[in-house]
Amino acid sequence: MGVMTRAQYIESLEKLNMKVYMFGELVDKPTEHPIIVPSMNSLAMTYALAEKAEHQDLMLAKSTLNGETINRFNYLHQSSEDLIKKIKMQRLLGQKTGACFQRCVGMDAANAMFNTTFEMDEKHGTDYHEKFTKYWRYIQQKDYTVDGAMTDPKGDRSLPPTKQIDPDMYLRIVERRDDGIVVRGAKMHQTGMVNSHEVLVMPTIAMREEDKDYAVSFAVPSDANGILMIYGRQSCDTRKMEDNADVDLGNCKFGGHEVVVIFDDVFVPNERIFMNGETEFAGMLVERFAGYHRSSYGGCKVGVGDVLIGAAALAAEYNGVPKASHIKDKLIEMVHLNETLYSCGIACSAEGSKTKAGNYIIDMLLANICKQNVTRFPYEIARLAEDIAGGLMVTMPSDKDFKDEKLGKYLEKYLKGADGVPVEHRQRILRLIENISLGTAAVGYRTESMHGAGSPQAQRIMISRQSNMDMKKALAKNIAGIIELTQ
Ligand code: SF4
Ligand code: FE
């Protein structure tokens with residue numbers, strides 16, 4: 001097949017028999033649930049844009065595994081130019097959805113898995129790379145969405161996996177059989193899992209020799225026996241359940257989601273195991289996946305930032321103050337911050353390099369700088385958007401009141417802004433700012449900017465490791481004319 005249409009994607013999800021729980025109940029049809037559908041729409045946009053000729057340069061690529069045209073989300077990057085296109089594609093999708101479109105996790109995991117398995121085989125004489133390549137060829141051919149799963153619950157953070165009181169705090173192998181393994185554990189914050197056909201599991205930290213049962217990587221269908229998902233709550237999520245939910249949603253069509261995924265003794269056949277006890281490679285896989293995903297934020301968050309900046313500019317217009325100098329200056333600041341993030345995404349891609357396996361990897365230092373900036377700038381952009389929007393974004397009555405026979409006329413009269421602007425437009429834009437900075441999309445735009453792809457301290461450790469301080473000190477000594485005394 002190679003490339004699915006939006007409709008085919010949704011149809012393919014309907015066929016899955018996933019166990020998704022929300023508010024304590026099994027969801028009957030996830031593809032029809034009003035809280036889930038907006039997130040499905042966002043992911044479906046990765047298929048819909050691939051159907052449009054004007055976006056195909058970014059959305060499609062030629063597979064190096066089977067020569068077919070495939071979606072770039074399933075592509076193994078072959079050059080720095082490819083890595084740059086990936087960032088541009090993510091910005092485009094952020095612009096079109098104003099939310100997290102979820103499909104990047106699998107793309108980033110696959111690229112990391114492809115080159116890490118190659119190096120594992122080189123050292124151990126194993127056949128993980130061949131198995132993974134075969135698996136990924138299948139994914140490309142089906143145009144499936146694969147969720148990458150990394151974050152374990154971790155229990156007491158000061159203790160390694162084997163020292164936890166509960167041994168399941170990190171996902172682990174509980175049984176080894178001739179035909180495969182049985183795994184138990186959980187993965188947290190699983191972006192887009194309900195909208196994915198498969199899940200690709202990786203360890204979450206570097207491992208020691210004794211952690212063999214925890215150094216495991218594999219892929220299974222998202223409806224495999226023993227997998228269950230518990231849907232994450234988002235601020236204002238039940239607004240989506242209201243009758244005729246529209247204006248008060250802010251973002252009327254799109255959203256994102258995260259779930260807790262439980263692996264309750266899930267069987268993984270041999271051909272889908274890509275790491276099985278090679279503890280010394282767990283760290284490499286984690287770092288590479290994190291690096292790819294940290295660069296991704298220089299695309300997606302920038303696209304959502306574009307939407308938020310546009311909303312702030314419109315709020316100013318609707319308030320009648322688009323020409324006020326302090327408003328203009330705040331908008332400039334927002335653009336400056338947003339484009340700085342984009343520059344980081346582009347820079348770590350442009351400085352990408354070829355791995356031993358042949359696919360390209362971003363520059364690690366710059367990708368970590370990118371993500372470190374993402375832990376800060378979207379907060380400042382959201383703060384400025386709230387400043388421009390005014391308090392009404394959080395005090396405005398519901399749309400039902402606007403539509404009420406008795407109350408509507410008062411709200412229409414007193415919430416009027418600039419002449420010629422319908423009150424409903426003002427409502428919609430303020431709700432959109434609320435949505436991105438405080439509502440359902442804030443998961444992806446704010447808190448995920450902080451913690452997604454690793455919390456700020458994780459990047460600082462990588463920055464410290466990659467900073468090449470000895471070289472910098474040598475430069476300073478040279479310029480200052482310091483000659484070392486030798487003994
Ligand atoms: Fe993609 Fe961004 Fe969502 Fe991560 S947060 S899955 S990079 S859209
Ligand atoms: Fe993420």
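Indexing begins at 1, ligand by ligand and atom by atom, following the structure's order. Starting from 1, each residue takes its place in the sequence as its number.
For ligand 1, the atoms closer than 4.0 angstrom to any heavy atom of Tyr297 are 4 (Fe), 5 (S), 7 (S). Each of the following atoms of ligand 1 lies closer than 4.0 Å to a heavy atom of Gln102: 3 (Fe), 6 (S). Residue Val105 has at least one heavy-atom neighbour below 4.0 Å for each of these atoms of ligand 1: 6 (S). With ligand atoms numbered from 1 in the order given, ligand 1 contributes 4 (Fe), 7 (S) to contacts under 4.0 Å with heavy atoms of His293. Near Cys300, meaning under 4.0 Å from one of its heavy atoms, ligand 1 places the atoms 2 (Fe), 5 (S), 7 (S), 8 (S). Heavy-atom proximity to Ser296, at under 4.0 Å, picks out these atoms of ligand 1: 7 (S). Listed by number with element, the atoms of ligand 1 under 4.0 angstrom from any heavy atom of Glu448 are 5 (S). Short contacts between ligand 1 and Lys301, defined as distances under 4.0 Å to a heavy atom of the residue, involve ligand atoms 2 (Fe), 5 (S).
The cationic atom of Lys131 (NZ for Lys, CZ for Arg) does not lie both less than 6.0 Å from the six-membered ring centre of Tyr128 and within 45° of the ring axis.
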Salt bridge (charged side-chain N to carboxylate O under 4.0 Å, His left out) evaluation trace for Asp399 with Arg431: CA-CA 10 Å; Asp399 190 45; Arg431 286 291 180 219; over 6 Å; no
Audit row: Tyr360, Ser349, side-chain hydrogen bond (donor to acceptor under 3.5 Å, both in side chains) steps and yes/no: CA-CA 9 Å; Tyr360 264 61; Ser349 306; over 6 Å; no
side-chain contact (heavy atoms from CB on, under 4.5 Å) evaluation trace for Gln90 with Cys104: CA-CA 8 Å; Gln90 289 166 314; Cys104 327; 3.5 Å; yes
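One of the N, O or S atoms belonging to Tyr297 lies under 2.8 Å away from the Fe ion (ligand 2). Because the distance cut-off is set at 2.8 Å, Cys104 fails to qualify as a neighbour of atom 3 (Fe) of ligand 1, as none of its N, O or S atoms comes that close.
Note: Phe132 and Tyr135 have tilted aromatic rings, judged against thresholds of 30 and 60 degrees for the angle between ring planes. By the 30° and 60° cut-offs, the orientation of the rings of Tyr138 relative to Tyr144 is perpendicular.
Distances from the Fe ion (ligand 2) to each N, O or S atom of Glu448 single out OE2 as the nearest.
Of the protein's non-hydrogen atoms, Cys100 SG, 2.3 Å is the one closest to atom 3 (Fe) of ligand 1.
Annotation: side chain of Met229 is in contact with side chain of Ser222 (closest heavy-atom distance under 4.5 Å).
Ring pair Phe101/Phe254: centre-to-centre distance not below 6.0 Å.
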